[in-house]
A.B. asks: 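Here it is, the structure in full.
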Amino acid sequence: MLQVSFIRENREKVLEGLEKRHFSKTDLIDKILEFDKLRKRIQFQYNERLAESNRLSREIGKLFQNNQEKQANVLRDSSAILKERIIRLGNELFEHEQWLSRALLEVPNIPHELVKTGRSAQDNEIIDQQGALPSLKEGILTHWELAKKFQLINWELGVQISGSGFPVYTGQGARLQRALIEYFVNYNTHAGYLEYALPHLVNATSAQGTGQLPDKEGQMYHVSQDDLYLIPTGEVPLMNCFRDKLLQEQQLPLKITTYTPCFRREAGSYGVHVRGLNRLHQFDKVEIVQITTPETSYEALEEMVKHVKGLLNSLNLPFRILRLCGGDMGFTSAMTYDFEVYSAVQGRWLEVSSVSNCTNFQTHRLKLRYKNKAGKIQLCHALNASALALPRILASLLENYQSEDYIDLPEALVSFAGFKKITLPIS
RNA sequence: GGAGAGAUGGCCGAGCGGUUUAAGGCGCACGCCUGGAAAGCGUGUUCACCGGAAAUGGUGUCGAGGGUUCGAAUCCCUUUCUCUCCGCCA
């Protein structure tokens, strides 16, 4: 959520930024400014009337104590009249505040100046590419075929106990899941990220804090009996640890990481692009978050990009980094880098990580602030990245490292998995 | 799930309709005192919003949300959380 004061002081920049996103409701911006002016005027009057009422009450109290009941009753009558006005002004103020906060919720974050205008994925800029693209060999299999052949994933079992999109990992497949989680979390904690183990169900306030509500209501699973939501990403409980917090500048940057399963309804997704591990209702992910001062958040973004780069390099996967264009970026982000790993069999790039600087967009909703050295209180900046999401990493590992009778593991994973290669099950 | 007790500032803790503009203590910051320090004394010390160039003034804030009243930390209702006991349980 943007701050009204920011919109007021940077009206042109805001409009320009929204243009980059092809955000259509730009007239909302001027309406917000107008409503805010009105709101201030009403609040001023409201405060004045309340002050008057407080004065009267104090006087009435004194009169009663001095047994001057007659005069007290006169003041009491005038106070009643004043009260009617106060209620009217209070309602008016409330309505204006409601309208403003609802309008502000509709406005996305303003992109950084480096972010290019664009409508869709085609307009994203490729800014880096590493690792040789694997060539398409004879008899090469997709990861879902490999998972079946090596009995790493049992899709039918998942359907039997839950439905499609809920894979069951077995044997070396299950062990590999555990190894990947362990490897990623270790990699993050070694880089200074503090590990959290978090609830996987959150209340509505938390879902609102990170922006899942109200915009993405339908994409989350909801437990109606207790009014809780299954988390679509670890970012939700992780960021909400800091809701309503006032930090000291010395505490920043805060670097934190968590492993969680993620639950997404993904309603209306069909076809080859969602085959296998490409899109699931439940998957595992290790997330990293940084909370910084406004001055350092873009440095932190670069640091996180480097961090994820290192992680992918250590797995020897060919990947490229994109800077997303305005139209493809998430609602809360000011700048996002996507990491994509190449799948030779599927002939396309798979998104495995998304690194975003959300500036103060989330921290405003969360009321996450810090006191700087001069004692001034301001909003923190928040950044998040996947490091990493498991399914597509597993998919690319299987597809890129496959041989006829075995699948090699990258060196980094061997000690965590306890084996050097995935082998055919003994039938 | 049942019964009871509670939630007050950075922390402890009093207040249970009107000199509360939240006592008192601890902590912290600044000043005085001192050769230096301790003690002592003095001043300040939540956060949000509104007015003001600023100094500073106003409003709200005693877990949260409603209500009663001219006036609520205090009374009533709803709700969340914490503690104790019982029950159930990995």
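Numbered from 1 within each chain, the chains take letters A, B, ... in sequence-line order.
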A.B. asks: Once you apply the 3.5 Å cut-off to both distances, tell me the Watson-Crick or G-U wobble partner of B:A90, or none.
C.D. replies: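 Check on B:A90: unpaired, no WC or wobble geometry under 3.5 Å.
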A.B. asks: Side-chain N or O of A:K83 less than 4.0 angstrom from OP1 or OP2 on B:U69?
C.D. replies: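 No, because none of the side-chain N or O atoms of A:K83 sits under 4.0 Å from OP1 or OP2 of B:U69.
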A.B. asks: Give the minimum heavy-atom separation between A:F339 and A:V305, together with the two atoms involved.
C.D. replies: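 Taking every non-hydrogen atom into account, CZ-O, 3.4 Å.
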A.B. asks: Return the pairing partner of B:C41 with a 3.5 Å limit on both distances, Watson-Crick or G-U wobble; otherwise return none.
C.D. replies: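 Answer to the pairing question: B:G31, which forms a Watson-Crick or G-U pair with B:C41.
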A.B. asks: Determine which nucleotide pairs with B:G71, using a 3.5 Å limit on both distances of a Watson-Crick or G-U wobble pair.
C.D. replies: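 B:G71 is paired with nothing.
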A.B. asks: Need one value for A:R39: base, sugar-phosphate or nothing, where a base atom within 4.0 Å counts as base even if backbone is also close, heavy atoms only.
C.D. replies: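 If one applies the 4.0 Å heavy-atom cut-off, A:R39 turns out to touch the sugar-phosphate alone, with no base involved.
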A.B. asks: What's A:N54 touching, base or sugar-phosphate or nothing? Going by heavy atoms closer than 4.0 Å.
C.D. replies: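 Since only primed, P, OP1 and OP2 atoms lie under 4.0 Å of A:N54, the category is sugar-phosphate.
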A.B. asks: Starting at atom NZ of A:K245, determine the distance to atom P of B:G10, rounded to an integer number of angstrom.
C.D. replies: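 Whole-Å distance recorded here is 13 Å.
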A.B. asks: If the P atom of B:G6 is compared with that of B:C16, how far apart are they to the nearest Å?
C.D. replies: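 Result for the P pair: 15 Å, nearest Å.
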A.B. asks: Rounded to whole angstrom, note down the P distance from B:G65 over to B:C28.
C.D. replies: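 B:G65 and B:C28 have their P atoms separated by 33 Å.
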A.B. asks: Report yes if some heavy atom in the side chain of A:E97 is under 4.5 Å from a heavy atom in the side chain of A:L93; otherwise report no.
C.D. replies: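 In short, these two side chains touch, coming nearer than 4.5 Å.
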A.B. asks: Let me know the distance between CZ of A:F94 and P of B:U59, rounded to the nearest Å.
C.D. replies: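 Nearest whole value for this atom pair: 22 Å.
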A.B. asks: Pairing check on B:G24: which nucleotide meets the Watson-Crick or G-U wobble criteria with it, both distances under 3.5 Å?
C.D. replies: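 By the stated definition (distances under 3.5 Å), B:C12 pairs with B:G24.
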A.B. asks: Does a side-chain N or O of A:R41 approach OP1 or OP2 of B:G51 to a distance below 4.0 Å, or not?
C.D. replies: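 Checking B:G51 against A:R41, no side-chain N or O comes under 4.0 Å of OP1 or OP2.
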A.B. asks: Determine the Euclidean distance between corresponding P atoms of B:G36 and B:G27; express it in Å to zero decimal places.
C.D. replies: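 Going atom to atom, P in each nucleotide, I get 23 Å.
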A.B. asks: With both distances under 3.5 Å as the test, what is the Watson-Crick or G-U wobble partner of B:U84?
C.D. replies: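 B:U84 is paired, partner B:A3.
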A.B. asks: Please tabulate, for the side chains in residues 39-62 of chain A, all donor-acceptor contacts under 3.5 angstrom to protein atoms that are two or more places apart in sequence or on a different chain.
C.D. replies:
unit_1 : atom_1 : unit_2 : atom_2 : d
A:R39  : NH1    : A:D36  : OD1    : 2.3
A:S57  : OG     : A:S53  : O      : 3.2

A.B. asks: Kindly list each side-chain donor-acceptor pair under 3.5 angstrom involving residues 177-192 of chain A, sequence neighbours excluded, with atom names and distances?
C.D. replies:
unit_1 : atom_1 : unit_2 : atom_2 : d
A:Q177 : NE2    : A:D284 : OD2    : 3.3
A:Y183 : OH     : A:S314 : OG     : 2.5
A:Y187 : OH     : A:L311 : N      : 3.3
A:N188 : OD1    : A:H307 : NE2    : 2.7
A:N188 : ND2    : A:F184 : O      : 3.3
A:N188 : ND2    : A:T257 : OG1    : 3.1
A:N188 : ND2    : A:A387 : O      : 3.3
A:T189 : OG1    : A:V185 : O      : 3.2
A:T189 : OG1    : A:N186 : O      : 3.0
A:H190 : ND1    : A:N186 : O      : 3.3

A.B. asks: Does the side chain of A:V355 come within less than 4.5 Å of A:L383's, by heavy atoms?
C.D. replies: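 Answer no - side chains too far apart.
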A.B. asks: Where is the tightest heavy-atom contact between A:E266 and A:L280, given as atom of each residue plus distance?
C.D. replies: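 What the structure gives for the nearest pair is CG-O, 3.9 Å.
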A.B. asks: Would you indicate which nucleotide in B:A48, B:C70, B:C50 comes nearest to any side-chain atom of A:Q43?
C.D. replies: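 So the nucleotide nearest the side chain must be B:C50.
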A.B. asks: How is A:R55 classified with respect to the nucleic acid when contacts are heavy atoms under 4.0 Å: base, sugar-phosphate, or nothing?
C.D. replies: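 No contact.
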A.B. asks: For nucleotides B:G25 and B:U45, find the distance between their C1' atoms and express it as a whole number of Å.
C.D. replies: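 Nearest-Å result for B:G25 against B:U45 at atom C1': 15 Å.
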A.B. asks: Considering only the C1' atoms, how many Å lie between B:A72 and B:C77, rounded to the nearest integer?
C.D. replies: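 Going atom to atom, C1' in each nucleotide, I get 15 Å.
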A.B. asks: Please report the distance separating the P of B:U74 from the corresponding atom of B:G18, rounded so that it comes out in whole Å.
C.D. replies: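 Looking at atom P only, B:U74 and B:G18 are 12 Å apart.
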A.B. asks: When you measure from the side chain of A:K367 to the backbone of A:L246, do you find a donor-acceptor pair of N or O atoms at a distance under 3.5 Å?
C.D. replies: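 Checked: no pair found.
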A.B. asks: From CD of A:Q248 over to C1' of B:C28, roughly how many Å is that when rounded to an integer?
C.D. replies: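 Taking atom C1' of B:C28 as the reference, CD of A:Q248 is at 12 Å.
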A.B. asks: At under 4.0 Å between heavy atoms, what does A:L82 touch on the DNA or RNA strands: base, sugar-phosphate, or nothing?
C.D. replies: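 The answer is nothing, as A:L82 stays clear of every strand by at least 4.0 Å.
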A.B. asks: Is it the case that atom OH in A:Y406 sees more than 12 heavy atoms from other parts of the structure closer than 6.0 Å?
C.D. replies: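 12 or below, so no.
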A.B. asks: Heavy-atom nearest nucleotide on RNA chain B for A:K40 versus A:S79: which residue maps closer to 5'?
C.D. replies: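 Mapping each residue to its closest nucleotide by heavy atoms, the 5'-most match is A:K40.
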A.B. asks: Pairing check on B:U59: which nucleotide meets the Watson-Crick or G-U wobble criteria with it, both distances under 3.5 Å?
C.D. replies: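 Pairing partner: B:A48.
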A.B. asks: Are the side chains of A:K421 and A:I407 in touch, meaning some heavy atoms are under 4.5 Å apart?
C.D. replies: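 Counting from C-beta outward, A:K421 and A:I407 never come under 4.5 Å.
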A.B. asks: What's the gap between B:G87 and B:C81 when it is taken at their P atoms, as a whole Å value?
C.D. replies: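 Looking at atom P only, B:G87 and B:C81 are 23 Å apart.
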A.B. asks: Taking the C1' atom of each, how far is B:A14 from B:U20, in whole Å?
C.D. replies: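 It comes out at 12 Å once rounded to the nearest Å.
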A.B. asks: Distances for protein N/O vs nucleotides 18-20 of chain B N/O pairs under 3.5 angstrom?
C.D. replies:
unit_1 : atom_1 : unit_2 : atom_2 : d
B:G18  : O2'    : A:Q65  : NE2    : 2.8
B:G18  : N2     : A:S57  : O      : 2.8

A.B. asks: Report the nucleotide, chosen from B:G51, B:G58, B:C49, that has the shortest atom-to-atom distance to any side-chain atom of A:A51.
C.D. replies: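 Out of B:G51, B:G58, B:C49, the nucleotide with an atom closest to A:A51's side chain is B:G58.
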A.B. asks: Take the protein atom CZ of A:F44 and the nucleotide atom P of B:G58, then report the distance between them rounded to whole Å.
C.D. replies: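 One finds 12 Å between P of B:G58 and CZ of A:F44, rounded.
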